[in-house]
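Nothing fancy with the numbering, it's 1 onward along the sequence.
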Amino acid sequence: MKAIILTATLVALQSFSPMALADKGSSCHFHGKTPATESVVTDCATQRRDALVKAGKLESSWQSAKLGTLELVDGKKGKEWKATFTNPTATDKTKQNLYVFFSHPGNFIAANFTGQ
């Protein structure tokens with residue numbers, strides 16, 4: 001009898017809990033220490049750039065900026081992915097390069113124009 005009640009309770013709890021299915025291609029949120037592939041980080045960097053444009057933190061001309069380089073660098077807490085977008089049409093000529101950083105497993109860290 002206890003097993004039936006326990007099973008029914010677990011099924012009920014599972015049906016009300018939010019789904020925690022991480023889609024590597026769309027959510028860009030990863031658990032564990034498995035290194036992300038270049039293609040995953042490229043997709044996440046593009047999504048992050050688009051989100052910054054949509055939020056008004058980057059001017060709209062950044063929407064068409066292409067990813068120039070993607071490299072694995074030594075960060076403060078270990079290896080990090082560093083994606084560099086270049087926008088030759090940026091209004092501020094000192095900010096033509098956008099650097100987007102991700103942890104080695106692919107989680108977003110920061111974005112800036114300094115590359116540091």
Side-chain angles (χ1 to χ4, degrees):
M1 186 66 169
K2 285 184 179 180
I4 294 172
I5 293 172
L6 179 61
T7 302
T9 303
L10 290 175
V11 169
L13 287 175
Q14 187 174 12
S15 65
F16 291 112
S17 66
M19 297 296 285
L21 300 174
D23 181 357
K24 291 181 180 180
S26 62
S27 68
C28 294
H29 179 84
F30 306 96
H31 296 274
K33 296 185 184 259
T34 303
T37 63
E38 285 188 24
S39 65
V40 168
V41 177
T42 297
D43 289 343
C44 291
T46 303
Q47 288 179 28
R48 183 59 63 170
R49 179 209 60 199
D50 293 347
L52 291 170
V53 170
K54 186 176 180 181
K57 294 184 178 184
L58 291 176
E59 59 188 53
S60 61
S61 65
W62 279 99
Q63 191 74 45
S64 58
K66 302 285 185 205
L67 179 64
T69 59
L70 177 64
E71 57 188 326
L72 199 55
V73 297
D74 290 320
K76 292 179 182 175
K77 295 182 178 179
K79 295 288 185 187
E80 296 177 355
W81 288 103
K82 179 180 175 183
T84 306
F85 290 92
T86 301
N87 181 6
T89 62
T91 305
D92 186 345
K93 299 300 179 195
T94 63
K95 297 180 179 178
Q96 290 185 330
N97 291 321
L98 172 69
Y99 303 94
V100 185
F101 294 89
F102 293 89
S103 66
H104 202 196
N107 292 309
F108 175 72
I109 298 173
N112 61 45
F113 294 109
T114 64
Q116 303 295 315

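Nearest heavy-atom pair across A65 and N87 is CB-CB, 4.1 Å. The shortest non-hydrogen separation linking N107 to H29 is OD1-CA, 3.3 Å. The minimum heavy-atom distance between A83 and A45, with the atom names listed, is CB-CB, 3.8 Å. Nearest heavy atoms, K33 versus P105: CA-CG, 4.0 Å. S61 and A90 make their closest contact through OG-CA, 4.3 Å (heavy atoms, listed as atom of the first residue, atom of the second, distance).
Atom NZ of K77 is surrounded by 12 or fewer heavy atoms from other residues, nucleotides or ligands within 6.0 Å.
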Can you check side-chain contact (heavy atoms from CB on, under 4.5 Å) on F113 and D92, steps first, answer last?
CA-CA 11 Å; F113 294 109; D92 186 345; over 6 Å; no
Apply side-chain contact (heavy atoms from CB on, under 4.5 Å) to residues L70 and K82 and explain how you reach the verdict.
CA-CA 6 Å; L70 177 64; K82 179 180 175 183; over 6 Å; no
Apply side-chain contact (heavy atoms from CB on, under 4.5 Å) to the pair D74 and K79, showing each step before the final yes or no.
CA-CA 5 Å; D74 290 320; K79 295 288 185 187; 2.9 Å; yes
Begin from the C-alpha positions of L98 and W62 and carry the test side-chain contact (heavy atoms from CB on, under 4.5 Å) through to its verdict.
CA-CA 9 Å; L98 172 69; W62 279 99; 3.5 Å; yes
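Residues L72 and F85 fall within the same hydrophobic cluster, defined by Ile, Leu, Val, Met, Phe, Trp and Tyr side chains chained together at heavy-atom separations under 4.5 Å. Note: the hydrophobic cluster containing V41 also contains L67 (ILVMFWY, side chain heavy atoms under 4.5 Å, direct or indirect links). Linking ILVMFWY side-chain heavy atoms closer than 4.5 Å, directly or via other members, places L58 and V100 in a single hydrophobic cluster.
Summarising the geometry, atom CZ belonging to R48 is positioned 4.5 Å from atom CZ belonging to F108; distances are rounded to the nearest 0.5 Å. Separation of atoms CD (Q47) and CG (L52) is listed at 12.0 Å; rounding is to 0.5 Å. How far OG1 of T89 is from CD of E59: 7.0 Å, rounded to the nearest 0.5 Å. To the nearest 0.5 Å, the span separating CZ on F102 from OG1 on T42 amounts to 9.0 Å. In this structure, CD in E38 is found 10.5 Å from CD in E71, a value given to the nearest 0.5 Å. Once rounded to the nearest 0.5 Å, the distance linking CH2 of W81 with CZ of F101 reads 13.5 Å.
Screening T86, T69, T84 for a side-chain hydrogen bond (donor to acceptor under 3.5 Å, both in side chains) with N97, the sole residue that qualifies is T86.
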